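First the structure, in the form of structure tokens, and then the observations on it.
Everything numeric in this text was worked out from a predicted model, so none of it was measured. We count residues from 1, following the sequence as given.
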Amino acid sequence: MAHSKNRATDGKITYPPGVKEISDKISKEEMVRRLKMVVKTFMDMDQDSEEEKELYLNLALHLASDFFLKHPDKDVRLLVACCLADIFRIYAPEAPYTSPDKLKDIFMFITRQLKGLEDTKSAQFNRYFYLLENIAWVKSYNICFELEDSNEIFTQLYRTLFQVINNGHNQKVHMHMVDLMSSIVCEGDSVSQELLDTVLVNLVPAHKNLNKQAYDLAKALLKRTAQAIEPYITNFFNQVLMLGKTSVSDLSEHVFDLILELYNIDSHLLLSVLPQLEFKLKSNDNDERLQVVKLLAKMFGAKDSELASQNKPLWQCYLGRFNDIHVPVRLECVKFASHCLMNHPDLAKDLTEYLKVRSHDPEEAIRHDVIVSIVTASKKDLSLVNDHLLNFVKERTLDKRWRVRKEAMMGLAQIYKKYALQAEAGKEAAKQISWIKDKLLHIYYQNSIDDRLLVERIFAQYLVPHNLETTERMKCLYYLYATLDGNAVKALNEMWKCQNMLRHNVKDLLDLIKQPKSDSYNKAVFSKVMVITRNLPDPGKTQDFVKKLAQVLEEDEKIRKQLETLVSPSCSCKQAEVCVVSTVSLHLDSACSYRHRIHQSHSFISFFSALIKQVNKSIEGTADDEDEGVPTEQAIRAGLELLKVLSFTHPVSFHSAETFESLLGCLKMDDEKVAEAALQIFKNTGNKLEESFPHIKSVLLPVLQHKAKKGSPRQAKYAIHCIHAMFSNRDTHFAQIFEPLHKSLDTDNMEQLITPLTTLGHLAMLAPEQFAAPLKSLVANFIVKDLLMNDRIPGKKTTKLWVPDDEVSPETLAKIQGLKLMVRWLLGVKNNQSKSGNSTLRMLTAILSSDGDLTEQGKIGKPDMSRLRLAAGCAILRLSQEPCYHEIITLEQYQLCALVINDECYQVRQAFAQKLHKGLCRLRLPLEYLAVFTLCAKDPVKERRAHARQCLVKNINLRREYLKQHAAVSEKLISLLPEYVVPYAIHLLVHDPDYVKVQDIEQLKDIKEALWFVLEILMAKNENNSHAFIRKMVENIKQTKDGQCPDDPKINEKLYTVCDVAMNIVISKSTTYSLESPKDPVLPARYFTQLDKPKAANVLGAVNKPLSATGKLQTKLSRMETISNASSNSNPSSPGRSKGRLDSADVDHSENEDISMKSPSETEKPSRGRKRGAAANQDDKGQESKPKRGRKKAANTSTDDAEDQWGEDSSMAEASMETEDEQNSPPKRGRRGRPPKSAASKDETPSKGRRGRRKTAPPADEENEEEQEEEEDDEDDAGSENMEVKPKGRRGRKPRCSKNGFSWPLFGSTSCCGIYFKTPNPLDPIQLNNTKQFLF
């Protein structure tokens, strides 16, 4: 080598053979030609040819001169670079260049030539590739390690390679680049931050997207050098994350993006960095925590990530961020959940509890994204989510925010369609989510029109998709209906009913538009527009839309005809679609919802044939019922129920011989439910059967007559109604049924008596005049004398208060039907000219006062007595709905009926409350019956209290809405305005048998709780100053006397005490009570009578203790004014309907004990009710003694007198009845059935505890029709098997009817339990005409 250096110092350059001197004196082309020969020479040389190495040393030095390194021609520079690369290869490991500056110039020169790699289509690309291959293979750049400027050289090399890499390069180019760069990292002493940045910058998302090949090159380099480069990466993140030295690199702001990319490339690169992230998760900087959470969400959620299992402390720390105080952090955690659930199902258990908490997050967006995350994972694979996660979605369907509710409902609908209808995951998955259909339909019970419209949309798109083929769609509907629970079925029926009502309202609007314009025209159209608006979302906007639509319909006859076609019962789906498309041309914003609701009501019209065929298949046994998971009998029954519901909304679609023949076949089946449904369908659709299908009539009539005589009670009922609705000569058919049944009545066989009594009862209601004489004789001689007045078969000795229907004795069932027959007869007659109404009411109240044992012989079992009490109470409710009978119901009878809601039997309370609620919702029961729910405040079962409160809320809102929509009923405000329930509630509480001692603290607390039970709802909003109106009403009541017992000082003292309690509640719960009342309230004079002299007695006493405004009360009571009943029209303007759901949380309970939970002192106090205890009796001794209501009669009654009383038509008898009617008040304190709370909690509640009692179904709206009401009456018996059978609780003491109480002489002087009873010194209540005005 020393010799070579000597040769180099000589300066003589030896060129390869054939190559002349290369200098600046020759042309460029010649220089290129000569350099190519030099390149070939160096290319062929190897490291072992020492002589050639020595020979061409000067040439090597010459080629490194500035003349060549800075030559302007790129071809020359490329050839020189190739020569230099070979020189480094040949002379390795020591280069012939010793000057550091020269080495730097050479390598910088070679780096610049590598830029030629960018153009893969260049003619010189192969030479550039050779250059790259050569320096990569030889690792020529390693010579630079000892240079001071090595970092500059390496950095420039890296930048050049990352710049030139592109998708035109093959794998070899990529491999040589990686080899070249990795050798520098792996064999060098260190990696500078600048060089590291050159690599990492390609991982930043912005650069990554611009040059994917550079990202791949950096990724490959980092994988190759992971172990060597890891300390330098760790140092970089330490500087930025821990020390906060962001100036060390321009990439500091991308630190979290780099961590993610490096983790995805090789997790070993971050072994020392990940613990730092745990520290950052607890940073006080919200933005920093958010960035770390976003980073870790991607790292934990990556498909193949094992970070959660490898670094559990970091995973647990991350889960803690689900509860972060910063909303965006929690939101980011929730969004991550779906990826985690889909990619790591094993982490679902850890996520469940945190998602549960976030599903109740106060932020709407977070609750929304919880739903999105769970639904997204569910739609990918149902097995990824557990039942708890799906329950979170289920809960959010009742969220207070519409956006969250909508997302939850739509998510469940999509899951149901995918796994239940399309069965993508098999039957097990379909079974797992079978509850979804029920839950979605339950939402139709919500008050929001948006919720209801979305349920309709979901039903048409997901539950029974409209795009299915006809047969498949009807099959889907058929089995859906068969598998729904009871409440879902009611909701679905209600949905079809609402759609049908909207169709009828639009039809009415079209009919109005056709009429000539008049003064009343605009009012009628506006009223109908308002009704339609309430069926569409956003009533404010849709009102303008409907108004505009009405104008368009007046002007455009074409659109009017299309809309008439759309609402026509015979409109097919295809016709409806054409009409909808035409209506869209109106370009009205709200047209979408409007069209959908109208169109959906036609969804099944053209499919009835397919539906009936499906039912026939089940009947014939050829359907796939078992495969669908539905027993055949259940499928048939559900199919007939479905047809029955559709027969109400689309009766025209049933008018075909095929349909009626199929229904005839159902009538012949053994299943009673199937036959009942078929009869109802005939009743709803057969109005033209006699004319259009005479051959079916001839077959149907004998079947109906047979069902009326020998069928089940419900079949007999529907058979009678079918004959009444379908046949013109119904009188003849009725007579053919009535006569043989009337003559064959026999009490020896009670089981055979039930159906005839049912049939005769409905005949009495539908044709009272046709059978007037025999019916009166039937009631007097058979029903009263033979059936009700005798107890033939001793009841079973049992401690239970209720048993299932199949265990009720036939005699009791017959007696119940006898009571119903009497009531139906009166409802058919609708007058009280014969005073039969008075007699019946006395009979019913006698049953209540005797606890269901009318004869008081003790033969009837306790379950049967409960049934009879329930039947009597419901019968009085039925009669109260007719004005002629409501007028004759005395206050004592009203109070006895009200006390049924506190019966000691849970099922009696439940059924009576439901019947009461239905009558009130129809606006057929007078307003005073709404006050009956006040007595539910002390019900020992929480579910019953909740149901009573729900009924109060619905009825109050219903009446307020009715008043807003019907401005013309102002003269009936006293019977509609909800605030007028307060006087009736006060009256009931004054005469409450539990209220014995006037100023007893515990009893006053009960009074206060009962008043707050109703006032809480009435005072939820103070629209039109209703609080002041209630205050004024209570003040006026305190200026009166009790109308029932005006001369009883104790009763009047109770009245003033209850008024004081009510006033205290108003004052403590309202800040506007002291304002001026809009007008003086009108008090019902039947309940309250004028004082001789005004007096006020403030006897709040100890009851003020739990209330807060006692001092305020004394200052405000001085403002009481004299009662004013002068104007029946005085009222506060109708309070508007409260928006949204009324939560108990909206009302302040701070000054009242919790209504749901009872304190130990309350639960342990003894029962007070009809049965007075010894202490109460001692207390009564000091009170004014009251006259007895009658004398005890002999037990062996004379039945002849009873027959004479019912059958006698002489004027003397009528006069006697009139006299006795004035004396028909029952005992004031008959035995009340309210059980003590301690007994209820131990005996009435199932063993699982009081909280586990099944809740009752939400009350559903019912049509205001007598036929449906009759059907519900029969369901008191038929549907009672759905009620809970409660273990018998401890009952109170037996009333002392014959000693300290009052006995009931009936049917003359020898009857112990007849209908006509006499009461000495009757009270003559004041009658006020206005109080009789209520809607029927």
Is it true that H947 and R944 share a donor-acceptor pair across their side chains at a distance under 3.5 Å? yes

Between M843 and L854, the two heavy atoms sitting closest are SD-CD2, 3.3 Å

Calculate, to the nearest 0.5 Å, the distance between atoms CD1 and CE belonging to I847 and M865 respectively. 11.5 Å

Identify which one of D853, D786, D791 satisfies the salt bridge (charged side-chain N to carboxylate O under 4.0 Å, His left out) criterion when paired with K815. D791

Verify, without hydrogens or angle tests, whether S866 (side chain) and W802 (backbone) share a donor-acceptor contact under 3.5 angstrom. no

When you check the side-chain N and O atoms of S880 and Y929, is any donor under 3.5 Å from an acceptor? yes

Under a 3.5 Å cutoff, is there a donor and acceptor pairing between the side chains of Q715 and E672? no

Give, for atom CG of N831 and atom CD of E882, the distance between the pair rounded to the nearest 0.5 Å. 10.5 Å

Point-to-point distance, once rounded to the nearest 0.5 Å, from CD of E676 to CG of L667: 11.0 Å

Parallel, tilted or perpendicular: which fits the ring planes of H724 and F734, with parallel below 30° and perpendicular above 60°? parallel

Applying side-chain contact (heavy atoms from CB on, under 4.5 Å) to Y718 and L704, what does each step give before you reach the verdict? CA-CA 9 Å; Y718 296 132; L704 294 178; over 6 Å; no

So which heavy atom on L870 is nearest to which on F912, and how close? CD1-N, 3.8 Å

Taking atom CD of E633 as the centre, report whether more than 12 heavy atoms of other residues, nucleotides or ligands fall under 6.0 Å from it. no

Testing R714, K717, K644 for side-chain hydrogen bond (donor to acceptor under 3.5 Å, both in side chains) with Q680, which one passes? K644

So do the side chains of H733 and Q736 get within less than 4.5 Å of each other, counting heavy atoms only? yes

Take F648 and N493, measure what side-chain contact (heavy atoms from CB on, under 4.5 Å) needs, and give me the verdict at the end. CA-CA 10 Å; F648 281 102; N493 296 345; over 6 Å; no

Tell me the closest heavy-atom pair linking R867 and P804, and the distance in Å. NH2-C, 3.6 Å

Does any N or O in the side chain of N790 come within less than 3.5 Å of the main-chain N or O of R792, such that one atom is a donor and the other an acceptor? no

Option from R869, Q910, R909 for which side-chain hydrogen bond (donor to acceptor under 3.5 Å, both in side chains) with D903 holds: R869

Give the C-alpha distance, both sets of side-chain angles, the deciding distance and a yes or no for side-chain contact (heavy atoms from CB on, under 4.5 Å) between L760 and L745. CA-CA 10 Å; L760 293 174; L745 292 177; 3.8 Å; yes

Going through the distances and angles, do L664 and F682 end up as a side-chain contact (heavy atoms from CB on, under 4.5 Å)? CA-CA 9 Å; L664 275 175; F682 270 119; 4.1 Å; yes

If you count heavy atoms of other groups shown closer than 6.0 angstrom to CD of E751, is the number above 12? no

If we ignore hydrogens and angles and just use 3.5 Å, is the side chain of Q893 paired with the main-chain N or O of T890 as donor and acceptor? yes

NZ/K835 to CG/N838 distance, rounded to the nearest 0.5 angstrom? 5.5 Å

Has the side chain of S777 got a donor or acceptor atom that lies under 3.5 Å from a matching backbone atom of P774? no

Hydrogens and angles aside, do D939 and Y906 bring a side-chain donor and acceptor to less than 3.5 Å of each other? no

Would you check if the side chain of N684 reaches a backbone N or O of S647 as a donor-acceptor pair within less than 3.5 Å? no

Start with the C-alpha gap between S809 and T812, add the side-chain angles, then the distance that decides, and say whether side-chain hydrogen bond (donor to acceptor under 3.5 Å, both in side chains) holds. CA-CA 5 Å; S809 67; T812 299; 2.8 Å; yes

Spacing of CG belonging to L788 relative to OG1 belonging to T855, to within rounding of 0.5 Å: 10.5 Å

Is there a donor-acceptor contact under 3.5 Å linking the side chains of Q817 and T758? yes

Over all atoms of both residues, closest heavy-atom pair of V823 and A875: CG2-CB, 3.5 Å

CZ-CG distance between R824 and L775, expressed to the nearest 0.5 angstrom: 13.0 Å

Please check this pair: side chain of T755 against backbone of G711, looking for a donor-acceptor N/O pair closer than 3.5 Å. yes

Would you confirm whether Y885, through its side chain, and L826, through its main-chain N or O, come within 3.5 Å as a donor-acceptor pair? yes

